[in-house]
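Quick caveat: nothing in here was measured; it's all calculated off a predicted structure.
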Amino acid sequence: MADRILLVEDERLVREIVQLNLQHAGFEVHAVGTWAEGDAELRSGRYDLAVLDLMLPGGDGLTLVERARAANILCPILMLTARNESGVKVRNLEAGADDYVTKPFDVPELVARVRALLRRSGGQAAAAPARFAFDRYWIRFDTGEALTNEGEVVLSHKELKLIEQFVRNADTVLSRAHLLEEVWGMDAFPTDRTVDNFILRLRRLFEPDPDNPVYLLTVRGRGYLFRPGGAG
Ligand code: CA
């Protein structure tokens with residue numbers, strides 16, 4: 001089945017050219033021209049990828065990204081930005097977009113970027129999603145970047161593997177033995193204490209109040225439980 005792409009672009013000519021080229025490249029494309037339509041479509045979760053214009057009638061394309069990520073819509077998002085100002089890249093990535101092209105762009109390059117993003121996300125479909133968000137936090141499993149209580153950081157390999165275990169097994173109690181096996185594997189001499197120390201670290205990064213965790217919970221005598229919906 002063809003990958004389904006959502007295109008949100010208000011300039012009719014650009015919309016038609018991009019839609020035709022993506023269709024020609026074998027994608028199924030649904031194109032809309034306003035922020036409100038884009039918001040409803042993107043949050044429907046029906047798309048494998050979204051191409052969003054930054055400046056739209058009715059709102060900013062970046063708020064579409066933020067709202068989608070907050071709703072755990074994890075598909076890759078490519079931004080079309082008219083401006084070439086220095087802050088655009090950072091703002092795009094902070095909002096949760098995966099890539100961007102600056103207008104005027106080369107259509108074959110846009111198609112190539114779309115293909116690359118789909119390849120990346122497809123390769124990880126069986127594992128953790130490319131990006132995971134809860135509360136005000138997000139984690140990118142492809143780059144290790146995360147938005148935490150300490151701002152934007154790059155997680156260590158072990159931290160990322162540990163979070164991946166919790167995300168893949170959300171709402172399931174994971175024993176220390178399981179985590180040691182999956183995350184530390186054949187490493188020399190990790191102990192239950194090693195796991196506990198990493199959990200403390202993750203709570204400092206991803207709990208609003210690390211001393212009173214609501215997402216990463218201790219289940220006495222059994223292990224740890226990640227509840228992305230919160231404990232309440
Ligand atoms: Ca526009």
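Put simply, the side chain of Ile77 does not reach to within 4.5 Å of the side chain of Leu64, judged on heavy atoms. Residues Leu54 and Tyr100 have side chains not in contact (no heavy-atom distance under 4.5 Å, counting atoms from C-beta outward). For the pair Pro76/Val114, no side-chain contact is recorded, criterion being any heavy-atom separation below 4.5 Å from C-beta on. The shortest side-chain heavy-atom distance between Ser175 and Leu180 does not fall under the 4.5 Å cut-off. Side-chain contact between Arg176 and Asp196: present, with at least one pair of heavy atoms (C-beta onward) separated by less than 4.5 Å. Trp138 is not listed as a side-chain neighbour of Arg69, based on a closest heavy-atom distance of 4.5 Å or more. Looking at Leu110 and Asn21, their side chains never come closer than 4.5 Å, going by heavy atoms from C-beta outward. Under the 4.5 Å side-chain criterion, counting only non-hydrogen atoms from C-beta, Val51 is in contact with Leu49.
In terms of heavy-atom proximity, Gln165 sits nearest to Leu179 at CB-CD2, 4.0 Å. When all heavy atoms of Trp35 and Gly58 are compared, the closest pair comes out as CB-C, 3.7 Å. Scanning all heavy atoms of the two residues, the minimum distance from Asp10 to Gly33 falls at CB-O, 3.2 Å. When all heavy atoms of Gly144 and Leu160 are compared, the pair lying nearest together is CA-CD2, 3.8 Å. Residue Glu207 comes nearest to Tyr215 through the heavy atom pair OE2-N, 2.8 Å, listed as atom of the first residue, atom of the second, then distance. Looking at every heavy atom in both residues, Leu225 comes nearest to Asp171 through CD1-C, 3.3 Å.
In summary, Arg201 and Glu150 engage in a salt bridge, as defined by a charged side-chain N under 4.0 Å from a carboxylate O. Asp53 and Arg15 are not joined by a salt bridge, as no carboxylate oxygen comes within less than 4.0 angstrom of a charged side-chain nitrogen.
Distance CD/Glu37 to NE2/His30: 7.0 Å, rounded to 0.5 Å. Distance check: Arg204 CZ to Asp211 CG gives 10.0 Å after rounding to the nearest 0.5 Å. We find the CZ-CD distance between Arg12 and Gln19 to be 12.0 Å, quoted to the nearest 0.5 Å. Distance check, rounded to the nearest 0.5 Å: CG of Asp99 to CZ of Arg113 gives 4.5 Å. Distance CZ/Phe206 to CG/Leu155: 5.0 Å, rounded to 0.5 Å. Interatomic distance, Arg227 CZ to Thr172 OG1, rounded to the nearest 0.5 Å: 11.0 Å.
Tracing side-chain contacts under 4.5 Å through hydrophobic residues (I, L, V, M, F, W, Y), one reaches Leu202 starting from Val153; they form part of the same cluster. Cluster membership check: Ile163 shares its hydrophobic cluster with Val214, using side-chain heavy-atom separations under 4.5 Å among Ile, Leu, Val, Met, Phe, Trp and Tyr. Using a 4.5 Å cut-off between side-chain heavy atoms of Ile, Leu, Val, Met, Phe, Trp and Tyr, with links allowed through other members, Val173 and Leu217 fall into the same hydrophobic cluster. Under the 4.5 Å side-chain heavy-atom criterion for grouping Ile, Leu, Val, Met, Phe, Trp and Tyr, Leu118 is connected to Leu80 within one hydrophobic cluster. Cluster membership for Val111 and Ile17, using ILVMFWY side-chain heavy atoms within less than 4.5 angstrom, is shared.
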**Request:** Take Thr34 and Val32 through the test side chain to side chain contact (heavy atoms under 4.5 Å, CB included) and record every step on the way to the result.
**Result:** CA-CA 6 Å; Thr34 64; Val32 296; 5.8 Å; no
**Request:** Starting from the C-alpha separation in whole Å, work towards a yes-or-no answer on side chain to side chain contact (heavy atoms under 4.5 Å, CB included) for Leu42 and Leu52.
**Result:** CA-CA 10 Å; Leu42 185 55; Leu52 309 181; 4.1 Å; yes
**Item:** Step-by-step side chain to side chain contact (heavy atoms under 4.5 Å, CB included) determination, Arg140 to Asp98
**Value:** CA-CA 10 Å; Arg140 286 187 58 152; Asp98 297 276; 4.1 Å; yes
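The backbone N or O of Leu62 lies less than 3.5 Å from a partner atom in the side chain of Asp60, making a donor-acceptor pair. Although no hydrogens or angles enter the test, the distance criterion places a donor-acceptor pair under 3.5 Å between the side chain of Glu9 and the main chain of Glu11. Proximity of a side-chain donor or acceptor of Glu152 to a complementary backbone N or O of Glu145 within less than 3.5 Å is not detected.
Within 6.0 Å of the CZ atom in Arg136, the count of heavy atoms belonging to other residues, nucleotides or ligands exceeds 12.
Between Phe134 and Phe226, the gap from one ring centroid to the other is short of 6.0 Å.
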